[in-house]
A.B. asks: 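Take a look at the following structure, please.
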Amino acid sequence: MGIVHALLDWLKAPEQTGLRRDFAVWFGRVFLPKRLPGVQLPPLGELSEVYHMLAENLESWTDQWKREGMQQGLEKGLEQGLEQGLEQGLEQGLEQGIEQGREATRHILVRQVRRRFGLTIAEQTEPLLARIAELRTLEDLGDQLLISPDGEDWLRAVRHMSVGEEH
């Protein structure tokens with residue numbers, strides 16, 4: 001608006017009519033369309049029309065752009081939030097599934113130890129298994145349970161593997 005006002009003031013002489021018209025056409029066809037994409041501009045034949053059109057519409061265009069920007073920001077934020085939420089939900093679900101697998105494996109091992117070596121060895125086994133986080137280690141203990149000749153040998157193996165887990 002300042003530039004258009006300065007041009008109007010500078011080109012106010014009647015002999016500058018053609019130049020004012022040329023500037024109006026240039027503003028309407030080149031300058032403003034690049035800066036106001038999507039805005040329908042009326043044909044502009046006089047530089048004063050450019051100034052009045054800007055004065056009348058600049059505030060409403062700015063409000064419209066703010067609304068559009070806020071809408072785009074809201075949509076992008078919602079999209080990112082959903083994406084992050086889904087990612088976190090999948091991670092949590094996977095972690096919960098893995099932990100449930102560990103718990104089920106521990107439960108089966110304790111149950112098998114109770115059947116094979118009795119309640120006392122099973123009760124001693126439970127806290128040792130609780131310290132083991134690796135599912136592979138728990139699976140290896142399942143194999144060990146099959147080859148341990150007695151409860152003491154079994155407990156030594158579990159202690160050894162649970163200590164190995166801590167380091």
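None of these values were measured; they are calculated from a predicted model. Heavy-atom basis, side chains included; hydrogens, waters and symmetry copies ignored.
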A.B. asks: Measure the CG-CZ distance between L145 and R115 for me, rounded to the nearest 0.5 Å.
C.D. replies: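 Between atom CG of L145 and atom CZ of R115 there are 12.0 Å.
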A.B. asks: Using a 3.5 Å distance criterion without hydrogens, assess whether the side chain of R131 forms a donor-acceptor pair with backbone atoms of V163.
C.D. replies: no
A.B. asks: Decide, yes or no, whether a salt bridge links E79 with K76 under the criterion of side-chain N to carboxylate O below 4.0 Å.
C.D. replies: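 Salt bridge absent between E79 and K76.
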A.B. asks: First locate atom NE2 of H5, then atom CH2 of W10, and finally report the distance between them rounded to the nearest 0.5 Å.
C.D. replies: 15.5 Å
A.B. asks: How long is the span from the CG atom in L138 to the CG atom in D143, to the nearest 0.5 Å?
C.D. replies: 11.5 Å
A.B. asks: Working to the nearest 0.5 angstrom, can you tell me the gap between L11 CG and F23 CZ?
C.D. replies: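 Going from the CG atom of L11 to the CZ atom of F23 covers 6.0 Å.
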A.B. asks: Assess whether side-chain contact (heavy atoms from CB on, under 4.5 Å) is satisfied between L128 and M161, documenting all intermediate values.
C.D. replies: CA-CA 9 Å; L128 296 170; M161 289 192 178; over 6 Å; no
A.B. asks: Any Lys/Arg nitrogen of R21 or E46 sitting under 4.0 Å from an Asp/Glu carboxylate oxygen of the other?
C.D. replies: no
A.B. asks: Can I3 be reached from L8 by stepping across I, L, V, M, F, W or Y side chains whose heavy atoms are under 4.5 Å apart?
C.D. replies: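 Same cluster: L8 reaches I3 through Ile, Leu, Val, Met, Phe, Trp or Tyr contacts under 4.5 Å.
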A.B. asks: With the side chain counted from C-beta on, respond yes when R102 and I132 share a heavy-atom pair under 4.5 Å apart, and no when they do not.
C.D. replies: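 A side-chain contact is absent here, since even the closest heavy-atom pair is not under 4.5 Å.
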A.B. asks: Are R111 and R106 packed together at the side-chain level, in the sense that at least one heavy-atom pair is separated by less than 4.5 angstrom?
C.D. replies: no
A.B. asks: To the nearest 0.5 Å, tell me how far E95 CD sits from Q88 CD.
C.D. replies: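 E95 CD to Q88 CD: 13.0 Å, rounded to 0.5 Å.
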A.B. asks: Can you tell if the side chain of Q124 reaches within under 4.5 Å of the side chain of V113, non-hydrogen atoms only?
C.D. replies: no
A.B. asks: Taking W26 as the starting point, is it possible to reach L19 by hopping between hydrophobic residues whose side chains are less than 4.5 Å apart?
C.D. replies: yes
A.B. asks: Assigning hydrophobic clusters by single linkage (Ile, Leu, Val, Met, Phe, Trp, Tyr; side-chain heavy-atom cutoff under 4.5 Å), is I108 placed with V158?
C.D. replies: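 No; tracing contacts between hydrophobic side chains, which count when under 4.5 Å, never links both residues.
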A.B. asks: Apply side chain to side chain donor-acceptor pair (under 3.5 Å) to the pair R159 and S162, showing each step before the final yes or no.
C.D. replies: CA-CA 5 Å; R159 284 186 189 106; S162 68; over 6 Å; no
A.B. asks: Please test Q144 against E139 for side-chain contact (heavy atoms from CB on, under 4.5 Å), starting from the C-alpha separation and ending with a verdict.
C.D. replies: CA-CA 9 Å; Q144 181 65 41; E139 290 170 353; over 6 Å; no
A.B. asks: Applying a strict under-4.5 Å side-chain criterion to I, L, V, M, F, W and Y, I'd like to know whether I98 and L109 cluster together.
C.D. replies: no
A.B. asks: Find out whether E99 and E103 are in side-chain contact, i.e. whether some heavy atom of one side chain is under 4.5 Å from a heavy atom of the other.
C.D. replies: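 Of all side-chain heavy-atom pairs linking E103 with E99, at least one is under 4.5 Å.
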A.B. asks: Going by heavy atoms in the side chains, are F117 and T125 under 4.5 Å from each other?
C.D. replies: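 Result no, sub-4.5 Å side-chain heavy-atom pair not found.
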A.B. asks: Give me the atom names and distance for the closest heavy-atom approach of E152 to I121.
C.D. replies: OE2-CD1, 4.1 Å
A.B. asks: CD of E91 to CD of Q96: how many Å apart, nearest 0.5 Å?
C.D. replies: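 Result: 12.0 Å between the selected atoms.
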